[in-house]
Amino acid sequence: MKINLRYSIIIYRKITDIYSTSLKFKIGFLILLALIVVSTTFCLLAPMLAPPNYRSWYSLKKDLPPNLSSLNLILGTTTNGRSVFWALMHAIINSLIMASITALVASHIGLFLGMISGIKGGTVDRLLIFLIDVFIIIPGLPLLVVLTMSLKNVLTIPLLGLIISVIAWTWPARQVRAMVLSLREREHIYIARLSGMNSMNIILSEIFPHIVAWHLINFTNTVLFSISTEAGLAILGLSILSEDTLGTMIYWAQNYSALLRGKTWWIGSPIATLIILFVSLYLISTGLSEYVNPRLRYGVTR
Amino acid sequence: MNGSIPDALLEVKDITKIFRYGFFGFKFRAVDNVSFILYNKPSVLAIVGESGSGKSTLARVILGIHVPEYGHVFFKGKNVHNLKGSDRLWFIKNVQGIFQNPYESFNPLKKVYKYLQETTKNLVGITDSNEAEDHIEKALSKVGLRLSDVKDKYVHEFSGGELQRIGIARAILSNPSLIIADEPVSMLDASLRVSILNMFKRFREEIGVSFIYITHDLSTASYISDQIAVMYRGIIVEHGDLNSVLGEPLHPYTQSLVESVPIPERSRREIWLKPLKLSGIEEKEFIVKGCRYRLRCPFARDKCLTDPPSVQTGKSTVKCWLYADK
Amino acid sequence: MSDNAALTVKNLVGGYDIVERKQHLYVDAVSNVSFSAFKNEVVGIAGESGCGKSTLIKIIYGLIMDPLVVKDGSIFVRHEEKTVDVLSLNPETRRRQLWWKVISYIPQNSMNVLNPTLRIRDHFFEVLRKHGGLGKKEAKEQILSYMEGLGLSRDVAKAYPHQLSGGMRQRVIIALALLLKPKIILADEPSTALDVIVQRGILQWLIEAQKRLGSTLIVVTHDMGVHAMVTDRLIIMYAGKVVEIGRSDNIFEDPLQPYTRLLISSLPKLRDNKPREGIMGMPPDLRNPPRGCRFHPRCPFMTDKCYEEPPLIEFDRGHYVACWLHVKNR
């Protein structure tokens with residue numbers, strides 16, 4: 001438990017440090033935060049503000065363009081007679097929940113396996129590398145297609161997140177392993193050993209702090225990866241079509257040829273949101289990468 | 001298996017360390033069949049060699065960081081690579097290390113003082129923070145630093161010379177009997193080197209700690225050591241006490257080395273400017289069969305295609321066919 | 001500029017404009033440096049880290065890039081019967097007219113500047129083509145005979161850089177620098193990363209080439225041993241200032257400036273085990289250098305006078321020193 005606490009503290013400190021140093025990170029983070037806050041607020045307030053059966057079809061007049069007359073109609077309605085606005089709010093939340101699960105699971109599996117592989121070396125390393133390479137070689141999307149199709153009946157948002165993490169863990173694992181391998185030979189690790197520190201202590205205080213920033217980058221990238229993968233699956237009709245996610249909204253809009261029929265508000269909203277989301281995640285990721293560059297970190301010009 | 005020699009502090013026996021490169025496992029012997037003994041009385045052994053000679057790898061094998069493919073290292077009779085748990089701690093307490101790059105020896109994200117604390121806690125057994133501070137302060141004063149100068153600072157706030165001193169202070173905290181110093185002054189300015197070397201000399205006298213001083217610089221080696229071992233491509237080509245090896249170098253490589261060291265004295269110029277022939281494209285000498293120096297040696301003969309034996313002549317041991325025909 | 005001088009540096013002031021924690025600072029790396037280097041001689045520039053010798057060399061060559069700035073001074077070089085101030089030329093002119101042909105520069109760690117995708121002989125072609133104005137056919141024979149003349153075999157010409165050892169690459173770099181027969185050769189730590197034996201071979205080789213060309217070789221290194229073996233005259237720098245200039249014979253026998261003296265005496269010499277002392281303290285921070293003589297905080301002979309900067313005076317013929325101890329009339 002103490003390890004978890006130390007781990008969380010390291011991460012928290014890192015994030016606050018990066019937030020104050022990097023402008024890109026700050027902007028990206030704030031945009032993301034805004035998106036989350038807006039959608040969460042509205043979702044929580046939904047029981048009061050939304051039409052009682054916002055999920056059911058044909059509860060509103062269909063194909064209405066955006067209209068400022070009421071909150072329900074602020075982004076218009078779909079051909080299914082649903083409020084685009086409320087669908088979008090829930091879609092954002094669902095997508096982010098799913099993506100967070102993927103990111104949490106995949107990046108930590110990657111972190112854990114990468115560190116073990118890098119530190120232990122030898123046969124353990126070779127086995128894990130083999131495993132990682134196998135997963136990299138297997139084509140991702142077809143694998144996901146198979147998984148989602150077979151689990152179609154029990155598919156929920158969290159489960160979908162978990163399924164996507166099956167292919168998302170390999171990149172973080174390889175990355176962390178590479179970092180650990182390069183760190184392992186650094187002299188300060190030897191000095192740490194010569195100071196009598198035990199392995200866990202060395203991992204947490206010597207190795208991990210150098211990896212944290214990369215770990216955060218991996219996390220952010222996995223979120224991005226997960227959302228876009230889900231959108232891809234959705235367009236193939238393989239996501240959870242009964243739930244609102246950014247992907248499924250696009251699916252339904254496509255299904256009803258929204259773009260061709262000129263109902264741009266329906267397909268435009270999820271796409272615009274996706275773009276905003278990607279931009280903010282990209283800014284966060286780039287801000288992190290810039291931070292990781294040692295020249296910038298120590299602020300010395302030579 | 002225990003060491004065989006009774007009052008040996010350190011016994012290095014037939015150590016061979018092999019590294020693998022690439023997918024097909026191209027192997028090369030970074031350290032090839034190296035042996036020597038350090039006895040119990042405080043002394044300084046200099047291991048001199050150029051980059052690629054295997055001297056740093058040897059240091060790490062002795063410290064237990066690398067495990068050799070063949071051979072053993074015995075410290076006070078115990079096999080260094082078989083130690084576990086509290087035995088391992090006993091070993092670290094007695095055998096410490098100092099490395100070349102002072103800026104890389106400490107984690108830039110941590111306060112340097114933390115390492116001193118950890119060493120005091122783990123190796124000296126002092127858990128009370130005030131007592132620990134006192135102990136650390138004593139060690140720092142031995143290297144000419146004050147506690148207030150060191151506490152709360154990060155790596156980038158110190159100069160190279162200061163960091164190296166802190167590294168030395170950390171190494172003496174547990175009162176070791178042996179310190180392995182790998183190029184400890186190479187990255188420091190010339191005018192600072194001598195003060196660190198003087199410190200080593202002083203420690204040998206006052207605390208009774210032995211040193212294995214690893215360097216490529218023959219001049220500094222000659223300043224502080226009692227014995228010199230010259231390494232070339234993983235083997236010790238000559239080993240003996242200082243005056244014998246430098247005064248009457250036996251191995252052709254040692255001879256070349258002693259002649260080629262630039263000395264800040266004009267009188268030396270004439271000897272140094274005597275034309276030296278350099279070889280052509282230098283082949284990968286570590287796969288060479290037989291004597292590794294063969295391709296550059298002016299005395300190379302057919303016999304040199306086989307590994308030369310170690311020969312004891314007078315005060316030095318040399319690995320060369322020139323001395324084996326007796 | 002005297003007839004015999006190949007290079008004259010006059011009152012050169014240069015350094016780095018840096019931004020640290022949002023503050024604009026100036027690092028005074030080369031502070032009012034003046035000296036001359038003559039034809040057919042080897043001059044050494046000695047000093048420890050932070051003394052400004054590498055910066056000085058870069059400025060002399062004309063390699064002045066952000067954040068390096070030159071604030072004052074001139075660098076006179078003889079070119080086409082005229083005396084030219086390198087700093088007065090624009091970078092493009094410098095490159096076309098001076099570089100490789102009049103002045104050549106061998107940078108630090110230069111073993112790694114060879115293009116890994118080009119064979120060695122192609123490197124020579126490049127230099128000849130860009131700076132010598134020769135076509136490929138004429139160049140080929142010239143290059144091969146040039147290389148052979150320098151003792152580099154045909155195998156080397158065909159090889160790629162990674163196939164050669166560090167020492168061999170260094171020789172290639174030097175050969176490239178000497179290709180167009182420059183009058184002035186600037187070498188910054190030409191042998192630091194090398195084996196002592198290889199270092200000796202390469203430096204011997206370099207001096208030989210210098211003698212043949214009758215050029216001026218300026219060797220910059222912190223290694224006083226190398227200076228003793230290789231140089232005719234020596235310039236000692238400390239914290240951006242020139243503190244002593246003189247013939248190497250004189251400087252090693254009787255160093256005048258306390259820093260020079262302490263530096264030489266602090267170097268362990270082979271087979272001479274007498275106890276030595278280092279110099280206390282550290283080189284100063286050039287963002288805020290000490291008033292007056294920059295060595296005074298560490299000097300055992302310091303007096304109040306040292307708060308005023310000592311002039312560089314000619315103590316003896318050709319032997320200059322900047323220290324109040326040697327200023328007779330004041």
Side-chain angles (χ1 to χ4, degrees), chain B residues 49-53 144 159-162 185 187-198 201 216-225 242-243 246-247 253 256-285 296, chain C residues 48-50 151-153 155-156 159 163-168 171 191 193-205 207-208 222-230 248-253 259 262-280 282-283 298:
Chain B
E50 300 299 336
S51 60
S53 60
S159 73
E162 286 168 329
V185 296
M187 298 193 92
L188 303 179
D189 271 343
S191 55
L192 297 177
R193 287 181 194 169
V194 130
S195 27
I196 303 267
L197 295 175
N198 283 339
K201 273 189 173 182
H216 66 279
D217 182 354
L218 208 48
S219 308
T220 53
S222 103
Y223 185 64
I224 62 167
S225 48
L242 185 70
N243 289 320
L246 294 184
Y253 176 62
S256 223
L257 209 58
V258 171
E259 230 183 52
S260 304
V261 173
I263 297 183
E265 209 158 275
R266 287 297 265 187
S267 53
R268 174 73 155 180
R269 210 171 173 219
E270 217 185 304
I271 306 175
W272 197 86
L273 283 174
K274 268 199 288 186
L276 176 74
K277 269 217 193 109
L278 279 180
S279 56
I281 302 187
E282 283 133 35
E283 289 153 60
K284 303 212 193 277
E285 287 171 18
R296 288 166 67 173
Chain C
E48 298 178 298
S49 59
L152 298 171
S153 73
D155 289 333
V156 174
Q163 295 174 302
L164 304 177
S165 67
M168 189 51 83
R171 273 196 284 172
S191 54
L194 302 170
D195 178 320
V196 156
I197 302 177
V198 176
Q199 175 183 259
R200 180 181 174 206
I202 289 190
L203 288 173
Q204 280 181 358
W205 190 73
I207 300 174
E208 207 190 311
H222 62 278
D223 189 339
M224 290 301 274
V226 166
H227 284 301
M229 301 292 100
V230 152
S248 307
D249 290 326
N250 295 341
I251 292 193
F252 280 102
E253 187 178 316
Y259 171 66
L262 287 171
L263 180 60
I264 295 177
S265 70
S266 76
L267 301 172
K269 286 190 198 148
L270 207 59
R271 308 213 63 207
D272 179 356
N273 282 0
K274 76 165 196 281
R276 294 170 189 278
E277 284 299 320
I279 308 181
M280 292 296 300
M282 274 193 333
R298 302 168 79 187

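Just so we're clear, the structure is a prediction, and the values are computed from it rather than from any experiment. Residue numbers start from 1 in every chain, and the chains themselves are labelled A, B, ... in the order their sequence lines are given, proteins ahead of strands.
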Can B:Asp217 and B:Val185 be said to form a side-chain contact (heavy atoms from CB on, under 4.5 Å), step by step?
CA-CA 10 Å; B:Asp217 182 354; B:Val185 296; over 6 Å; no

B:Ile271 portion near chain C, given a 4.5 angstrom heavy-atom threshold
backbone

Please classify the contact between B:Asn198 and chain C as side chain, backbone, both or neither, with a heavy-atom cut-off of under 4.5 Å.
side chain

Max heavy-atom pair count under 4.5 Å with chain C, selected residue of B:Ser191, B:Gly144, B:Ala190, B:Ser219
B:Ser191

B:Glu270 portion near chain C, given a 4.5 angstrom heavy-atom threshold:
neither

Quick check: closest heavy atoms across B:Asp189 and C:Ser49, and the distance to 0.1 Å?
OD2-OG, 2.9 Å

Under 4.5 Å from any heavy atom of chain C - which part of B:Ser51
neither

Highest number of heavy-atom pairs under 4.5 Å with chain B: which of C:Gln199, C:Glu208, C:His227, C:Glu277?
C:Glu277

Option that, when pairs with chain B are counted at under 4.5 Å, heavy atom only, ranks first among C:Pro283, C:Gly278, C:Ser265, C:Ser266:
C:Ser266

Using non-hydrogen atoms only, which part of B:Lys201 is less than 4.5 Å away from chain C: side chain, backbone, both, or neither?
side chain

Looking at every non-hydrogen atom in both residues, tell me the closest pair between B:Val258 and B:Arg268 and how far apart they are.
O-NH2, 2.6 Å

For B:Leu192 against C:Arg298, the heavy-atom pair lying closest together
CD2-NH2, 4.5 Å

Residue C:Met224 versus chain B: region with a heavy atom under 4.5 Å
both

Is the shortest side-chain heavy-atom distance between B:Tyr223 and B:Arg193 below 4.5 Å?
no

Between B:Ser195, B:Ser256, B:Gly160, which residue shows the highest count of heavy-atom pairs closer than 4.5 Å to chain C?
B:Ser256

Top contributor to chain B interface from C:Glu48, C:Met282, C:Met229 [non-hydrogen pairs under 4.5 Å]
C:Met229

With a 4.5 Å cut-off on side-chain heavy atoms, are C:Lys269 and B:Pro264 touching?
yes

What heavy-atom pair brings B:Leu197 and C:Pro268 nearest, and what distance separates the two atoms?
CD1-CG, 4.4 Å

When the 4.5 angstrom heavy-atom criterion is applied to C:Ile251 and chain B, the contacting part is neither

Best-contacting candidate, C:Asp272, C:Val230, C:Asp249, C:Ile264, against chain B by heavy atom pairs under 4.5 angstrom:
C:Asp249

So which atom in C:Ala228 and which in B:Arg269 form the shortest heavy-atom distance, rounded to 0.1 Å?
O-CD, 3.7 Å

Measure distances from B:Asn243 to the heavy atoms of chain C and classify the residue's part below 4.5 Å as side chain, backbone, both or neither.
both

What part of C:Ile279 is in contact with chain B, defined as an atom under 4.5 angstrom from a non-hydrogen atom: side chain, backbone, both or neither?
both

Looking at every heavy atom in both B:Arg296 and C:Val198, which two are closest together, and how far apart are they?
NH2-CG2, 4.4 Å

Stepwise side-chain contact (heavy atoms from CB on, under 4.5 Å) check, B:Leu257 with B:Leu218
CA-CA 8 Å; B:Leu257 209 58; B:Leu218 208 48; 4.2 Å; yes

